Amino acid sequence: MPKKSTKMSGLQCLATENVWFDKQRYDDAEKCFYEGANGTVPKSSSHAGDQELASRMKGMELENQTLHRVVEEMRAALQTLELRVASLERSPAAVTCAKAAPVAPVKPVKVENGDDEDSDIDLFGSDDDEEAERIKQERLDAYAAKKSKKPALIAKSSILLDVKPWDDETDMGKLEECVRSVQMDGLLWGASKLVPVGYGIKKLQINCVVEDDKVGTDILEEELTKFEDYIQSIDVAAFNKI
């Protein structure tokens, strides 16, 4: 009786297994196993492996090219450095300079206690300061003297006068002679000409240069109007600073 129950339990176990429903999947797995054991690689896996191998080789080629470029740059830098060292070795500046003269040792100054010794030592160089101050003052005095010798700028003006006669019978030559006879410090007469006014009357247009501090237009007109026999009026046609 117990043996029969054991047999029934085995059948029940087989009934619960679904291995026969996935038979195709197990057959494919078994085929792949034997192909791998015999050295035959499935086409799909072989293609994937070729792509991975090609990508690795491409990466190694790029890395190799980079290394070649770095090596070439280092080689060029090394050659440049060697040339520079060789040129420095051949140049006279690379020759070892003569030994410098030995520096004499500084003798220590022995300072003794006492007010007399301390008062003789000038720590701030008062003599040098006095000398520099004296030179500075001499330069300032020389500059002031040079500046005082320069001539002062004199302000001048150019005046164009219109001198009108009484009528057409006035002797214009005599009129001009009277005008030029006016002489004073700071007055210089210039060119002149006769300009027609109308009805046969001409006016004398004359230029003069005056120093502003010495001669003014009022004084000039006052002096010229003294010749009342020839001059009727005087007008300032132009006034320009020089």
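Source: prediction; values computed, not measured. Positions are given from 1, in the same order as the sequence printed here.
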Expected output: side-chain W189 to main-chain V182 donor-acceptor under 3.5 Å: yes
Straight-line distance of E130 CD to I135 CD1, nearest 0.5 Å: 12.0 Å
Transitive ILVMFWY side-chain link I242 to I154, under 4.5 Å: no
Cluster check V197, Y230: I/L/V/M/F/W/Y, side chain < 4.5 angstrom: no
S192 side chain to E176 side chain, donor-acceptor N/O pair below 3.5 angstrom: yes
From CG (L194) to CD1 (I201), nearest 0.5 Å: 13.0 Å
Exam field: side chain D235 to backbone A237, donor-acceptor pair closer than 3.5 Å: no
Side chain to side chain contact (heavy atoms under 4.5 Å, CB included) against W166, all qualifying residues, sequence neighbours excluded: T170, Q232
Distance, nearest 0.5 Å, that separates CD of E82 from OG1 of T80: 9.0 Å
Connected via hydrophobic side-chain network under 4.5 Å: I159 and V209: no
Distance, nearest 0.5 Å, that separates CD1 of I234 from CG of L161: 7.0 Å
Non-neighbouring partners of K226 that pass salt bridge (Lys or Arg N to Asp or Glu O under 4.0 Å), sequence neighbours left out: E223
Distance, nearest 0.5 Å, that separates CG of D229 from CG of D171: 12.5 Å
Heavy-atom pair of closest approach, residues C208 and L220: SG-CD2, 3.9 Å
Atom CD of Q183: over 12 foreign heavy atoms under 6.0 Å: yes
Side chain to side chain, M184 and V215, heavy atoms closer than 4.5 Å: yes
ILVMFWY cluster, L160 and L175 together (side-chain gap under 4.5 Å): no
R139: side chain to side chain donor-acceptor pair (under 3.5 Å) partners, not counting sequence neighbours: none
Residue pair P165 / I231, side-chain heavy-atom distance below 4.5 Å: no
Salt bridge flag under 4.0 Å for residues R134 and E138: yes
Contact summary for M172 and K202, nearest pair of heavy atoms: CE-O, 3.4 Å
Validation row: V210, L188 side chains within 4.5 angstrom (heavy atoms): no
For K174, side chain to side chain donor-acceptor pair (under 3.5 Å) partners two or more places apart: none
same_hphob_cluster(V179, V195) at 4.5 Å side-chain heavy-atom cutoff: no
Can you give the donor-acceptor pairs under 3.5 Å from side chains of residues 61-79 to other protein atoms, not counting sequence neighbours?
from, atom 1, to, atom 2, distance (Å)
N64, OD1, H68, NE2, 3.3
T66, OG1, L62, O, 2.9

Side chain to side chain contact (heavy atoms under 4.5 Å, CB included) against K241, all qualifying residues, sequence neighbours excluded: S157, D212, F239
Spacing of L204 atom CG and K193 atom NZ [to the nearest 0.5 Å]: 11.0 Å
